Visitor: 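Have a look at the structure that comes next, please.
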Amino acid sequence: NQDIVYPDECLVYGWNKKSCGRKAYLSGKNVWIKIIYRPQNEKKGMFNDKLWNGIDEAQSLKIAYVPYLFFVESGTIELYEYKAYVLEYIASPIVSSVNYLQGHEELSNNSLQAILQLRSDLSNILPVQRNAFKTDYVLRRIKSIFPHVQLPEPDTLKRIVNHGDFHWGNITTDGTILDWENWGMSLKGTDVATLYVRSLHHYNISQQIYRFNKDIFHSAEGRIALLYALAEVIYMYEHYSDFSKDLVSQCFIESKKIIQ
């Protein structure tokens with residue numbers, strides 16, 4: 001677009017390089033350009049239509065902590081199709097350069113409480129047709145890591161609207177939540193359980209998260225959500241080395257508190 005000016009800054013790549021982004025200027029205003037791409041006619045796995053349309057559809061939530069979408073353009077280049085989003089630029093930095101806390105991050109109590117309250121507000125949104133992930137998937141992931149744990153039937157567990165990728169690499173210090181590709185209905189508690197588990201390196205923050213969400217974590221859904229968040233870290237470490245060995249060790253310790 002001829003109205004967009006690109007400064008001399010590096011591209012920032014998303015997980016597994018399935019997206020990229022960079023700062024730009026639109027009519028003198030700071031914006032963020034995010035591009036997602038997939039092979040043409042490839043609409044499964046990481047390229048499915050749910051992820052492909054997530055940013056667009058998140059605008060319907062009309063909540064303050066979803067970055068505003070100015071416009072989106074789509075097209076094809078050789079064997080790939082792409083979407084280029086022109087989004088509100090968020091000046092505040094993300095809390096962590098990785099998707100978990102490493103123990104040295106600084107976050108004020110006011111900022112943490114604001115983030116937790118925003119997540120609590122999201123749970124009050126009425127059910128939607130869009131699915132983040134099915135409860136069957138959650139239970140399968142738990143069984144893959146903790147094969148002997150007894151689990152309830154999936155249809156007995158409550159589902160709510162979740163962000164679906166609620167970790168410290170997607171949250172800014174002012175409480176804006178980034179990367180809405182995976183939002184939708186999923187097991188109650190998965191967002192806050194993910195945030196808690198990925199904060200285990202930071203004792204003070206993890207304990208504040210736990211206290212704020214104690215009622216959820218003590219429910220049937222919360223117990224399963226915690227096991228899922230723990231299993232997900234262990235699985236991702238084993239297959240992609242995405243987390244530290246120390247965090248994985250803490251996850252196994254934490255799981256023993258839940259599995260009796």
Side-chain angles (χ1 to χ4, degrees), residues 1 3-4 6 9-27 29-77 80-97 99 115 118-119 121-123 125-134 137 159-186 190-191 194-195:
N1 188 299
D3 295 326
I4 297 178
Y6 298 96
E9 295 188 18
C10 296
L11 286 172
V12 177
Y13 287 94
W15 186 81
N16 216 15
K17 293 193 174 182
K18 295 300 186 293
S19 67
C20 62
R22 67 183 299 179
K23 184 180 179 181
Y25 302 106
L26 173 64
S27 302
K29 178 186 295 185
N30 290 336
V31 294
W32 185 259
I33 309 295
K34 179 169 184 173
I35 298 174
I36 60 175
Y37 43 91
R38 65 182 178 184
Q40 291 188 50
N41 303 317
E42 181 67 69
K43 297 183 178 180
K44 59 185 179 181
M46 293 183 65
F47 303 104
N48 65 46
D49 283 338
K50 177 194 69 177
L51 297 174
W52 192 247
N53 298 315
I55 296 175
D56 316 55
E57 295 174 357
Q59 296 295 309
S60 67
L61 295 172
K62 299 186 184 303
I63 45 183
Y65 45 97
V66 177
Y68 180 75
L69 173 63
F70 293 103
F71 62 89
V72 58
E73 293 185 358
S74 58
T76 58
I77 297 177
Y80 288 83
E81 60 178 321
Y82 69 87
K83 278 187 173 182
Y85 294 93
V86 181
L87 295 155
E88 171 189 5
Y89 179 74
I90 308 299
S92 300
I94 54 175
V95 176
S96 175
S97 59
N99 56 24
I115 291 167
L118 289 172
R119 171 47 265 183
D121 293 344
L122 183 60
S123 66
I125 294 174
L126 294 174
V128 297
Q129 294 298 313
R130 179 184 167 87
N131 280 310
F133 41 85
K134 297 179 179 180
Y137 167 81
R159 289 158 53 84
I160 63 170
V161 174
N162 279 297
H163 174 270
D165 201 16
F166 198 65
H167 59 67
W168 295 110
N170 282 338
I171 302 171
T172 65
T173 54
D174 70 347
T176 301
I177 305 174
L178 309 176
D179 291 357
W180 286 82
E181 286 92 337
N182 205 32
W183 77 277
M185 299 295 292
S186 56
T190 48
D191 273 0
T194 297
L195 201 64

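Since we're looking at a predicted model, the values are computed, not measured. The basis for the numbers below is simple: all heavy atoms, side chains too, and nothing from hydrogens, waters or symmetry mates.
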Visitor: Are any side-chain N or O atoms of W183 and backbone N or O atoms of V161, one a donor and one an acceptor, separated by less than 3.5 Å?
Guide: no

Visitor: Within this structure, what is the CD1-CG distance for the pair I94 and L178, rounded to the nearest 0.5 Å?
Guide: 7.5 Å

Visitor: With a 4.5 Å limit on heavy-atom distance, are the side chains of I125 and I63 in contact?
Guide: yes

Visitor: Atom CG in D165, atom CZ in F133: separation rounded to 0.5 Å?
Guide: 9.0 Å

Visitor: Nearest 0.5 Å please: distance from the CH2 atom of W32 over to the CZ atom of R22.
Guide: 9.0 Å

Visitor: At their closest point, which heavy atom of I177 faces which heavy atom of P67, and how far apart are they?
Guide: O-CD, 3.3 Å

Visitor: Determine the sole option in V86, I55, V72 for which the side-chain contact (heavy atoms from CB on, under 4.5 Å) test with K34 is passed.
Guide: I55

Visitor: For A58 and W180, which heavy atoms make the closest approach, and how far apart are they?
Guide: CB-CB, 3.6 Å

Visitor: Does the side chain to side chain contact (heavy atoms under 4.5 Å, CB included) test come out yes or no for I171 and L195, once each step is laid out?
Guide: CA-CA 10 Å; I171 302 171; L195 201 64; 3.7 Å; yes

Visitor: Are D174 and Y65 linked by a side-chain donor-acceptor pair shorter than 3.5 Å?
Guide: no

Visitor: Under the side-chain hydrogen bond (donor to acceptor under 3.5 Å, both in side chains) rule, collect the residues that match up with N30, sequence neighbours excluded.
Guide: none

Visitor: The criterion is side-chain hydrogen bond (donor to acceptor under 3.5 Å, both in side chains); which residues satisfy it with N182, sequence neighbours excluded?
Guide: K50

Visitor: At what distance, to the nearest 0.5 angstrom, does CD of Q40 lie from OH of Y80?
Guide: 10.5 Å

Visitor: For the CG atom of D179 and the NE2 atom of H163, what is their distance to the nearest 0.5 Å?
Guide: 6.5 Å

Visitor: Measuring only between side-chain heavy atoms, which start at C-beta, is Y89 closer than 4.5 Å to L26?
Guide: no

Visitor: If I compare all heavy atoms of M185 with all of V128, which pair ends up nearest, and what's the gap?
Guide: CG-O, 3.3 Å

Visitor: If you take all heavy atoms of W52 and Y85, which pair is closest and at what distance?
Guide: O-OH, 3.4 Å

Visitor: Using 4.0 Å as the upper bound for N to carboxylate O, is an ion pair formed by K83 and E181?
Guide: no

Visitor: Please report the interatomic distance CZ(R38) to CG(D49), rounded to the nearest 0.5 Å.
Guide: 5.0 Å

Visitor: Does F70 have any ring-ring contact (aromatic ring centres under 6.0 Å, His included) partners at least two apart in sequence or in another chain, and if so, which?
Guide: Y68

Visitor: For residues A24 and I33, report the shortest heavy-atom separation together with the two atoms involved.
Guide: CB-CG1, 3.7 Å

Visitor: Identify the two heavy atoms, one from F166 and one from T194, that lie closest to each other, and give their separation to 0.1 Å.
Guide: O-CG2, 3.4 Å

